[in-house]
Amino acid sequence: MAKISINLSEGTVKKEAKKDIIVGIDLGTTNSLVAYMQDGQVIAVTGEDGKNTLVPSIVHFATGEQIIVGDAAKQFLLTDPGNTIYSVKRLMGKSYQDIAKAGQYLGYEIIDEDTESLVKIRVRDRFYSPVELSAKILAELKTRIEKTLKEDISKAVITVPAYFNDAQRQATRDAGKLAGLDVLRIVNEPTAASLAYGIGLSPDESKTIAVYDLGGGTFDISILQIQGGIFEVLSTNGDTFLGGDDLDRVIIDYWLSRHKIKTALLTENKELSQAFRIAAEEAKKTLSTENQYAGRVGEWTLGIDKSQFETLIQPLIDKTLNSCKNALADAKLSIDNIDSVIMVGGSTRVPLVKKAVSDFFNQPVNNSLNPDEVVALGAAIQADILAGNNKDLLLIDITPLSLGIETMGGLMDTIIPRNTKVPAKAGRQYTTSVDGQKNLQVAVYQGERDLVSDNRKLGEFILRGIPPMPAGIPKIDIQFILDADGILTVRAKEMRSGVEQSIQMKSAYGISEEDMARMLLDSIKNAEADMKIRALLEARNEANNIVLSADKFLKQNAAILSEEETTRTLELVNVLRESVKGDDKDVINLAMKDLNTYTEPLAHRAMDVNIGAAIKGKKL
Ligand code: ADP
Ligand code: MG
């Protein structure tokens with residue numbers, strides 16, 4: 001049904017222009033591709049050869065300003081590794097610190113300035129950010145689809161791993177923008193894969209699925225729950241350094257040991273090393289359909305058969321299954337709860353991988369679609385939904401780490417706990433700790449530890465202009481709003497005066513999955529120690545407050561207290577003040593108790609006197 005629009009100023013009537021096509025893009029570590037939907041069909045776009053849908057995520061900087069992306073760039077990994085950038089997705093939204101370990105595996109130069117800023121890659125005398133490099137890949141995909149459809153394309157949905165944090169998602173969005181694409185939505189890869197299989201498209205469908213994604217350099221397992229068209233990521237697990245490349249490496253090692261070739265020979269000779277890599281990948285792919293492989297590199301005749309290969313890769317597959325186990329445990333589910341298993345990533349073409357996953361989940365797996373295309377196909381389906389061509393589906397994710405703010409004594413006060421469904425909104429009220437306090441610093445942290453110093457700071461701001469009031473009187477409402485893309489907005493508002501301040505967390509640098517895992521582990525390992533510290537800090541905070549109010553009390557009620565009472569109170573306050581300097585919460589609590597017990601009757605007396613005075617002063 002065509003829509004009619006009327007232009008009131010011109011008095012003209014015109015049919016609405018053809019709807020824009022929104023494309024789906026899988027921006028992968030190893031390969032990227034673009035897909036679109038037409039007349040209810042999802043189509044992965046091929047290059048000029050009409051066959052290859054995959055664009056290797058490789059950018060080569062030729063001499064002169066020429067930039068080559070994809071298959072044509074691949075050969076330069078061998079001949080010009082320093083000017084040929086691959087695996088840039090690993091660097092998205094990351095700081096030098098985050099990738100200190102990973103850098104040594106990459107053949108190009110990562111610039112090491114100060115540790116907390118975003119990484120840059122040096123190519124000859126220019127510096128490129130991962131966002132710029134990803135934009136080159138996206139631009140290539142954009143050109144590809146524009147050539148195919150013979151029209152301009154400006155809107156896209158781009159997929160990211162489910163565990164990508166705000167900074168990584170934002171970097172992906174920025175890359176799209178830089179490539180001239182309006183990124184309407186960032187979608188999780190497992191959600192897209194599920195949509196490609198038509199799972200979750202019906203509103204009355206209720207399912208729990210596992211998405212097993214073994215790509216070129218990474219492994220991800222995600223458990224999703226789909227209900228009433230809503231996708232919820234229950235848990236994610238995996239290994240950012242386990243993928244098809246490792247299967248290749250296992251073959252190389254096998255050849256090296258069989259032919260008694262020294263590893264040093266390959267470390268010294270980059271070209272030879274790449275030649276071995278290419279042969280190993282070819283062998284691996286051959287063994288997905290044949291029983292043996294034979295090839296040549298230099299003077300060596302290299303062979304391997306399927307059963308040898310399978311023996312060699314079994315430990316790697318076992319590692320992925322272990323991640324599956326952990327993901328199930330995190331989702332508090334067992335294998336019986338999984339209704340469908342979806343295979344994603346080129347490496348799931350390996351027959352033993354399919355068999356092992358199927359055996360593990362005790363059911364046949366979904367692998368009828370090309371595993372290296374499913375994510376893009378699903379992204380195209382999501383794009384079509386956004387274009388309004390399908391019923392409205394919601395995508396819901398979880399936040400992997402708790403979000404909160406720093407409170408007195410450096411304690412973490414969690415506002416959105418980890419594993420909360422996103423989008424999420426939560427808030428809490430705070431107050432000032434000093435009389436007449438005009439500014440309040442709000443520092444936002446991510447992590448599971450009780451002390452903010454053990455967590456990761458996302459940002460901070462100062463709420464200014466709180467009208468002077470006694471400590472404890474202002475009501476400061478702090479709200480955390482986490483949107484569907486995982487971007488956090490923090491808003492602070494003083495309720496009595498209405499002063500307000502907010503910031504968006506596009507955290508300056510990202511966090512690696514290893515760091516995330518480490519943070520979670522640390523929080524478990526240190527739970528007991530953390531609890532003790534929290535108790536101590538809380539006792540100290542309370543004691544400090546009591547010292548302040550006792551001082552105030554003494555000043556305000558000097559007239560009604562005997563000298564002995566004042567002296568004794570001062571003594572007890574001093575004991576308390578001293579106890580705060582120590583590390584024993586019991587000593588602090590005891591000193592508080594002593595002071596309270598002694599001053600309670602005095603406070604009652606003071607109250608009576610004050611009320612009496614108030615009544616007397618009242619004119620009736
Ligand atoms: P990513 O998601 O990391 O960008 P892909 O899903 O495209 O990567 O997977 C790329 C990996 O799949 C590479 O390691 C490649 O060697 C491997 N692969 C592709 N085809 C096959 C095959 N037929 N058999 C085994 N592995 C394959
Ligand atoms: Mg992938």
Side-chain angles (χ1 to χ4, degrees), residues 24-35 44 51-59 69-71 74 77 86-92 134 137-138 141 158-164 168 172 187-194 196 211-222 236 238-252 274 276-291 293 304 306 309-310 312-313 316-317 320 342-357 367 369-379 513:
I25 292 177
D26 172 4
L27 183 59
T29 310
T30 317
N31 295 303
S32 300
L33 71 155
V34 56
K51 277 191 297 208
N52 251 339
T53 53
L54 302 184
V55 174
S57 306
I58 303 171
V59 182
V69 176
D71 271 316
K74 201 170 184 176
L77 281 180
Y86 64 98
S87 282
V88 67
K89 186 175 181 177
R90 292 190 184 284
L91 308 178
M92 289 291 264
S134 297
I137 298 167
L138 291 171
L141 295 173
I158 304 180
T159 57
V160 297
Y163 62 80
F164 254 31
Q168 293 167 298
T172 306
V187 177
N188 286 332
E189 288 163 10
T191 301
S194 152
V211 181
Y212 180 102
D213 182 348
L214 192 60
T218 57
F219 168 63
D220 301 318
I221 171 78
S222 315
T236 66
D239 189 331
T240 44
F241 284 96
L242 176 59
D245 298 346
D246 299 279
L247 306 186
D248 303 346
R249 206 159 294 137
V250 156
I251 296 177
I252 296 172
Q274 293 284 16
F276 265 90
R277 256 188 48 180
I278 288 166
E281 185 178 10
E282 196 186 302
K284 173 187 71 178
K285 287 185 180 173
T286 305
L287 294 177
S288 286
T289 47
E290 320 269 317
N291 280 324
Y293 166 86
I304 184 165
K306 194 170 169 179
F309 175 61
E310 293 188 338
L312 293 171
I313 63 170
L316 299 177
I317 296 179
T320 69
I342 295 176
M343 299 300 264
V344 180
S347 302
T348 62
R349 286 213 167 91
V350 173
L352 185 65
V353 171
K354 272 185 259 186
K355 183 178 182 304
V357 176
N367 62 347
L369 296 170
N370 280 339
D372 29 28
E373 289 178 358
V374 284
V375 168
L377 298 179
E513 204 192 351

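In each ligand, atom 1 is the first atom listed, and ligand 1 is the first ligand listed.
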What protein heavy atom lies closest to [atom]? Include the residue and the distance to one decimal.
atom	value
atom 19 (C) of ligand 1	Lys285 CE, 3.6 Å
atom 5 (P) of ligand 1	Gly346 N, 3.7 Å
atom 25 (C) of ligand 1	Ser288 OG, 3.4 Å
atom 2 (O) of ligand 1	Gly215 CA, 4.1 Å

Which bit of Glu281 is near ligand 1, meaning a heavy atom under 4.0 Å away: side chain, backbone, both or neither?
side chain
Would you indicate which of Glu282, Lys284, Glu373 comes nearest to atom 17 (C) of ligand 1 when only heavy atoms are counted?
Lys284
Note, Leu33 side chain near Leu54 side chain (heavy atom, < 4.5 Å):
yes
Tell me, do Gln168 and Val160 make a side-chain contact under 4.5 Å, heavy atoms counted?
no
Name the residue from Val344, Thr53, Asp26 that meets the side-chain contact (heavy atoms from CB on, under 4.5 Å) definition with Glu373.
Thr53
Those atoms of ligand 1 less than 4.0 Å from some heavy atom in [X]:
X	answer
Arg349	20 (N), 22 (C), 23 (N), 24 (N)
Gly28	4 (O)
Gly216	1 (P), 3 (O), 8 (O), 9 (O), 10 (C), 11 (C), 13 (C), 14 (O)
Thr30	1 (P), 3 (O), 4 (O), 8 (O)
Val350	25 (C)
Gly345	6 (O)

With distance as the sole test, does [X] use its side chain to make a donor-acceptor pair with the main-chain N or O of [Y] at under 3.5 Å?
X	Y	result
Ser194	Pro190	no
Arg90	Phe241	no
Thr159	Asn188	no
Lys74	Ile58	no

Check whether any N or O atom of [X], backbone or side chain, sits under 3.5 Å from an N or O atom of ligand 1, and answer yes or no.
X	result
Thr218	no
Asn31	yes
Asp372	no

For the pair Glu281 and Arg277, find out whether any cationic side-chain nitrogen is under 4.0 Å from an anionic carboxylate oxygen.
no
Could you tell me whether the side chains of Thr320 and Tyr212 share a donor-acceptor contact shorter than 3.5 Å?
yes
Positive for salt bridge (charged side-chain N to carboxylate O under 4.0 Å, His left out) with Lys284, one of Asp248, Asp246, Asp245
Asp248
Determine whether any heavy atom of Ser347 lies closer than 4.0 Å to an atom of ligand 1.
yes
